[in-house]
Colleague: 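Structure in structure tokens, see below.
Both backbone and side-chain heavy atoms feed into the values below; hydrogens, waters and symmetry mates do not. By convention in this document, chain letters (A, B, ...) are assigned in the order of the sequence lines, proteins followed by strands, and residues within each chain are numbered from 1.
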Number of protein chains: 2
Amino acid sequence: MSARETRDHIVEAADDLFYRQGYENTSFADIAGAVRISRGNFYYHFKTKDRILDAVIEARLAKTRAMLDRWEREGETAADRIRCFIRILIVNRASIERYGCPVGTLMTELTKLGHSAQTEATKLFILFRSWLTRQFEQLGCGGKADDLALHLLAMSQGVATLINAFQDEAFTEREVARMEAWLETRAQDATGG
Amino acid sequence: MSARETRDHIVEAADDLFYRQGYENTSFADIAGAVRISRGNFYYHFKTKDRILDAVIEARLAKTRAMLDRWEREGETAADRIRCFIRILIVNRASIERYGCPVGTLMTELTKLGHSAQTEATKLFILFRSWLTRQFEQLGCGGKADDLALHLLAMSQGVATLINAFQDEAFTEREVARMEAWLETRAQDATGG
DNA sequence: GTCTATAGACGGATAGAC
DNA sequence: GTCTATCCGTCTATAGAC
């Protein structure tokens, strides 16, 4: 197996484990075990745990960009595209119930650890924030676009936290419906009066 | 110092450290160091780390109950009391910026660890949820009271997560104002039409 | 024969538990 | 104060490709 392939496998496994168990609670042995390689081989590819985290965040940023690009292509109107964002709470409901939002929980953990990768992790939030801002601008919300983007991001984060705490499917659906209704109102505000 | 006092000091220090550093990232040595007692004395009061967590959650539940009781006494109307809840985001803004919401972040960490104290930690959420439900009932929101309570809880959690990620004071104030406006509308829905 | 990917032993540090 | 487990990180050995 090429070095590149092995490296990718490591990042993939680490990504998954960091999400499910948390960064600090995941050991080198855990990752090596998941990839089925020895710890010695492991250190050939990554010298420290921090470097794996860097690579994982980078991979998540790339995956997120790809997802946002896909939404951009698939959604006809800006409202459709924002709806794609809202609906990840339903699409990923099962994993959110068990592990929370991958972006929010990583961010939270890194701030508690006072970890230097905080800045990089924040970029995940910024990616969503600026994408949403652009959508709200296209919706015609002008100067309020960034405010609306942050508000939607906050709602999504809060709902994810409670999905994780309560595992209540009806709650999830109610909140998603509420966000979609809210979006509808914003769209009408922009076009009509 | 009495055994009871020492125990209380340990719980207090652990509570603070668990909040600021996270549960798993806090060692016995950290707590013992903060209380200025020997590790030997430490084990006299708590045999395992899990038991300290139990005691910390218990203490947080008691503190929360006391706070809710205080709001109950101080707020004249149900809307006033709900506003007390909303305003903790401003009152505790500094610590939320650095460490997030104490309830949400503990919950999140415990689910990732698959820790048995999850159920106990959820009671913190339930405490707020049922208190808020009662307030919305008194506001005249009848059958929708629990839905509104969960929604407000979610908004508060989401805003706390983004305060922690972005440390943006203007955002905090905008969102608090938004929540208060939302509350106003709910109150009018209930009384008027 | 050299370079690359892998394996596994070893050491220092620190954790929790008694 | 000690004991055991575990974790991160280093070091050396080796198997195969070119």
Colleague: For B/Tyr43, which contact category applies under a 4.0 Å heavy-atom criterion: base, sugar-phosphate, or nothing?
Modeller: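 Counting heavy atoms under 4.0 Å across all strands, the contact made by B/Tyr43 includes a base.
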Colleague: Could you check how far OH of A/Tyr44 sits from C1' of D/dG9, rounded to whole Å?
Modeller: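 Interatomic distance, OH of A/Tyr44 to C1' of D/dG9: 17 Å.
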Colleague: Is there a residue in residues 47-58 of chain B whose heavy atoms reach under 4.0 Å of DNA chain C, and which residues are they?
Modeller: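 Per residue number, the list reads B/Thr48, B/Lys49.
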Colleague: Please set out all donor-acceptor pairs under 3.5 angstrom arising from side-chain atoms of residues 96-103 of chain A, sequence neighbours excluded.
Modeller:
| unit_1 | atom_1 | unit_2 | atom_2 | d |
| --- | --- | --- | --- | --- |
| A/Glu97 | OE2 | A/Arg93 | NH1 | 2.6 |

Colleague: Just to verify, what does B/Asp168 make a salt bridge (Lys or Arg N to Asp or Glu O under 4.0 Å) with, not counting sequence neighbours?
Modeller: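 Partners of B/Asp168 under the salt bridge (Lys or Arg N to Asp or Glu O under 4.0 Å) test: none.
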Colleague: Could you list all the side chain to side chain donor-acceptor pair (under 3.5 Å) pairs where at least one residue sits in residues 135-146 of chain B, not counting sequence neighbours?
Modeller: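 Those involving residues 135-146 of chain B are B/Glu72-B/Gln135, B/Arg81-B/Gln135, B/Arg81-B/Gln138, B/Arg129-B/Asp146, B/Thr133-B/Asp146.
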Colleague: Would you list the protein and nucleotides 13-18 of chain D atom pairs, both N or O, that sit under 3.5 Å from each other?
Modeller:
none

Colleague: Can you list everything that forms a salt bridge (Lys or Arg N to Asp or Glu O under 4.0 Å) with A/Arg83? Sequence neighbours excluded, please.
Modeller: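 So A/Arg83 forms a salt bridge (Lys or Arg N to Asp or Glu O under 4.0 Å) with A/Asp80, A/Glu184.
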Colleague: Scan residues 12-27 of chain B against DNA chain C and write down, sorted by residue number, each residue with any heavy atom closer than 4.0 Å; if none is found, say none.
Modeller: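 B/Thr26, B/Ser27 - these, ordered by number, are the residues of the stretch whose heavy atoms sit under 4.0 Å from the strand.
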Colleague: What residues, two or more places apart in sequence or in another chain, satisfy salt bridge (Lys or Arg N to Asp or Glu O under 4.0 Å) together with A/Glu180?
Modeller: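 Per chain and number, A/Glu180 pairs via salt bridge (Lys or Arg N to Asp or Glu O under 4.0 Å) with A/Arg87.
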Colleague: According to side chain to side chain contact (heavy atoms under 4.5 Å, CB included), who are the partners of A/Ile88, at least two apart in sequence or on a separate chain?
Modeller: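 For A/Ile88 the side chain to side chain contact (heavy atoms under 4.5 Å, CB included) partners, ignoring immediate neighbours, are A/Trp71, A/Phe85, A/Asn92.
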Colleague: Return the set of residues passing ring pair (Phe, Tyr, Trp, His ring centres under 6.0 Å) with B/Phe171 (not counting sequence neighbours), or none when no residue passes.
Modeller: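 Ring pair (Phe, Tyr, Trp, His ring centres under 6.0 Å) list for B/Phe171, sorted by chain: empty.
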Colleague: Could you pull out all residues at least two apart from B/Tyr23 that satisfy ring pair (Phe, Tyr, Trp, His ring centres under 6.0 Å)?
Modeller: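 With neighbours one apart ignored, the set is B/Phe18, B/His115.
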Colleague: Work out which heavy atom in B/Leu89 is nearest to a heavy atom in B/Ser156; give both atom names and the distance.
Modeller: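 B/Leu89 and B/Ser156 have their closest heavy atoms at CD2-O, 3.9 Å.
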Colleague: Please identify each residue that fulfils salt bridge (Lys or Arg N to Asp or Glu O under 4.0 Å) with A/Asp30, with sequence neighbours left out.
Modeller: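 Residues passing salt bridge (Lys or Arg N to Asp or Glu O under 4.0 Å) with A/Asp30: none at all.
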Colleague: Assign B/Phe28 to base, sugar-phosphate, or nothing according to its heavy-atom contacts below 4.0 angstrom with the strands shown.
Modeller: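 Result for B/Phe28 = sugar-phosphate.
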